[in-house]
Amino acid sequence: MTVRTRFAPSPTGYLHIGGARTALFSWAYAKKHQGQFILRIEDTDVARSTPEAVQAILDGMHWLGLDYDEGPFYQMQRMEKYKQVIQQMLEAGTAYYCYCSKEELDALRESQMQAGLKPRYDGRWRPETGKVLPDAPKDIPPVVRFKNPMAGVVAWDDLVKGRIEISNAELDDLIIARADGTPTYNFCVVVDDWEMGVTHVIRGDDHVNNTPRQINLLKALNAQIPQYVHLSMILGDDGQKLSKRHGAVSVMQYDEDGYLPEAVLNYLARLGWSHGDDEVFSMAQFCQWFDLDHITASAAQFNTEKLNWLNAHYIKTMDLERLAEIVTPRLVKLGAAPAASPKLMDVLALYRERANNLNQLAAEIAYFYRTPAIHQADAEKHITEDAMPAIRHLYQELLSCDWTVEAIHKVIQETVTQFQLKFPKVAMPLRVMLTGIAQSPSIDAVMHLMGRELVLYRMSVYCKI
RNA sequence: GUCCCCAUCGUCUAGAGGCCUAGGACACCUCCCUUUCACGGAGGCGACCGGGGUUCGAAUCCCCGUGGGGACGCCA
């Protein structure tokens with residue numbers, strides 16, 4: 001039997017980091033077993049679902065490169081199927097109409113909570129042999145409830161958490177169709193997973209409580225029960241639960257913040273899963289290695305610093321041409337359109353090991369393509385009167401020396417020697433004049449990249465020549 | 001409240017009863033490299049939640065406790 005997994009987000013917000021990891025694991029598991037990965041949009045909550053959220057999820061998946069073999073399927077487009085199954089269940093007696101009003105149910109829940117009980121539907125409209133049901137009120141449109149077994153336990157061997165058993169006494173008759181006829185989440189999931197032949201349900205562990213209900217539903221439909229894989233949640237950097245109000249950001253925000261998708265993916269892959277001591281690996285490698293046995297059952301705290309490290313690693317090692325492509329728009333945003341000279345790829349080759357995100361990288365090289373912003377404190381500290389004679393001399397020498405890193409270095413060295421200074425005494429003011437700040441790669445390499453004309457121009461501003 | 005889940009360095013984790021004096025990675029600290037900042041290299045700091053069992057032997061298995069989390073919707 002081929003493996004079929006799915007990612008089934010509800011379009012009520014963007015794709016966040018937890019959802020992304022769930023999608024990644026589902027995707028990888030399908031890839032690993034040459035199976036299919038299905039994308040299904042669970043949009044039955046019409047009030048909260050939006051087309052913008054659908055697009056945001058699609059964008060997030062695309063940015064991460066999580067491609068799907070089937071879908072996206074939209075549950076709202078599958079209404080006929082659901083209604084058909086509900087009708088069958090009604091006829092088979094595995095579901096029934098319930099005429100309780102919302103107010104009635106709220107009151108019931110309230111009183112049960114008061115009494116210290118688990119709030120549950122009390123089965124007042126559940127048909128039972130020998131039981132007399134009240135007359136159906138004409139003014140209340142009924143919901144449809146599933147007739148959950150009263151006795152026994154539901155059990156499954158969760159591929160992450162191990163065996164989980166829940167007593168049916170803990171469960172109540174859940175609503176599978178609202179008063180307006182639209183089916184509800186647990187029911188749609190069951191019908192879809194069944195019909196789409198999903199073999200492994202990989203999802204967040206906030207769904208473990210839904211699993212026994214879904215299994216009962218599946219059994220009532222005589223459907224095959226899939227394997228369940230419940231992933232524990234991802235906590236924020238501060239150890240707190242991620243929520244819309246607190247720290248849960250769109251994966252697209254990572255793009256905006258200068259992260260590479262391969263870094264985010266690699267980071268996520270290692271969050272809650274491991275392969276010995278391996279930390280850095282490609283998605284191709286991940287798909288070969290990925291297994292359910294090494295998924296952690298406990299919650300994992302997100303660590304931005306480790307993500308930064310991975311991001312830096314990928315910036316340092318990725319294809320230069322692609323790096324240039326990605327950095328260009330970020331430079332433009334800073335008002336520094338990359339020009340013909342110096343070649344962006346050459347600049348990046350020298351600078352990329354210094355940055356751990358793309359925005360920072362763009363900001364660091366911007367002065368090649370626009371006037372540098374002079375850092376006042378650095379300027380005051382390094383561009384001092386006693387350094388100026390040497391700088392002026394150097395300016396003259398640079399007018400005509402060979403324009404190679406070695407030649408430039410030699411000229412600076414000779415100047416330093418001639419004026420009996422330490423190397424930094426000349427290099428630091430030079431650095432600030434050319435770049436605006438006191439940190440840069442090797443100054444001769446920077447000058448070489450910058451070109452004679454620009455170097456002399458920026459020096460001249462200070463040399464009063 | 002009821003049910004369910006979880007528990008190794010600050011963080012992500014390795015660990016399937018002896019290989020554990022508990023390994024790796026991020027972060028942090030020191031040193032080296034160096035012309036500044038980085039990168040890189042070499043070291044260092046640092047953990048099995050507590051208590052009982054089982055066993056010749058427990059981070060690993062069992063029980064209890066504690067702590068954390070989740071679920072209890074005509075949301076998904």
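Below, chains carry the letters A, B, ... as their sequence lines are ordered, and counting in each starts from 1.
One interatomic measurement links the two molecules: CD of Glu42(A) to P of rC75(B), which rounds to 14 Å at whole-angstrom precision. Rounded to whole Å, the distance from CG on Asp444(A) to P on rU36(B) is 13 Å. Protein atom NE2 of His448(A) is 20 Å distant from nucleotide atom P of rU35(B), rounded to whole Å. Regarding Ile408(A), its CD1 atom lies at a distance of 15 Å from the C1' atom of rU35(B), rounded to whole Å. Rounded to whole angstrom, the span from the CG atom of Leu171(A) across to the C1' atom of rU2(B) amounts to 13 Å. Atom-to-atom, NZ of Lys425(A) to C1' of rU36(B) comes out at 14 Å; the value is rounded to the nearest Å. A straight line from CH2 of Trp273(A) to P of rG15(B) spans 11 Å, rounded to a whole angstrom. If you measure from atom OH of Tyr121(A) to atom C1' of rG73(B), you get 15 Å, rounded to the nearest angstrom.
Under the Watson-Crick and G-U wobble criteria, each requiring two contacts below 3.5 Å, nucleotide rC49(B) is paired to rG65(B). When Watson-Crick and G-U wobble pairs are counted only if both distances are under 3.5 Å, rA71(B) pairs with rU2(B). With a cut-off of 3.5 Å on both Watson-Crick or G-U wobble distances, the partner of rU54(B) is given as none. Across all strands shown, nothing is found opposite rA16(B) as a Watson-Crick or G-U wobble partner with both distances under 3.5 Å. Across all strands shown, rC9(B) has no partner, as no Watson-Crick or G-U wobble contact with both distances under 3.5 Å is found.
Evaluated for a salt bridge (charged side-chain N to carboxylate O under 4.0 Å, His left out) with Asp172(A), the options Arg120(A), Arg145(A), Arg213(A), Arg124(A) yield exactly one hit, Arg213(A).
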Under a 4.0 Å heavy-atom criterion, the protein footprint on nucleotides 61-72 of chain B, written with B, S and -, is --------SBSB
Expected string for nucleotides 17-22 of chain B under the B/S/- scheme (protein heavy atoms, under 4.0 Å, primed atoms plus P, OP1, OP2 as sugar-phosphate) is ------
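No side-chain N or O of Asp173(A) forms a donor-acceptor pair with one of Trp125(A) less than 3.5 Å apart.
Ring pair His230(A)/Tyr228(A) is parallel by interplanar angle, where below 30° counts as parallel and above 60° as perpendicular.
Taking the ring centre of Phe37(A) as origin, the terminal cationic atom of Arg6(A) falls outside the region bounded by 6.0 Å and 45° from the ring axis. Cation-pi check for Arg21(A) over Phe25(A) is met; the charged atom lies under 6.0 angstrom from the ring centroid and within 45 degrees of its normal.
Using a 4.0 Å cutoff on non-hydrogen atoms, the parts of residues 185-195 of chain A near RNA chain B are Tyr185(A), ordered by number.
Which of rU2(B), rA38(B), rG24(B) sits closest to the side chain of Glu353(A) comes down to rA38(B). In the set rA25(B), rU35(B), rU13(B), rU35(B) carries the atom at the smallest distance from any side-chain atom of Ile443(A).
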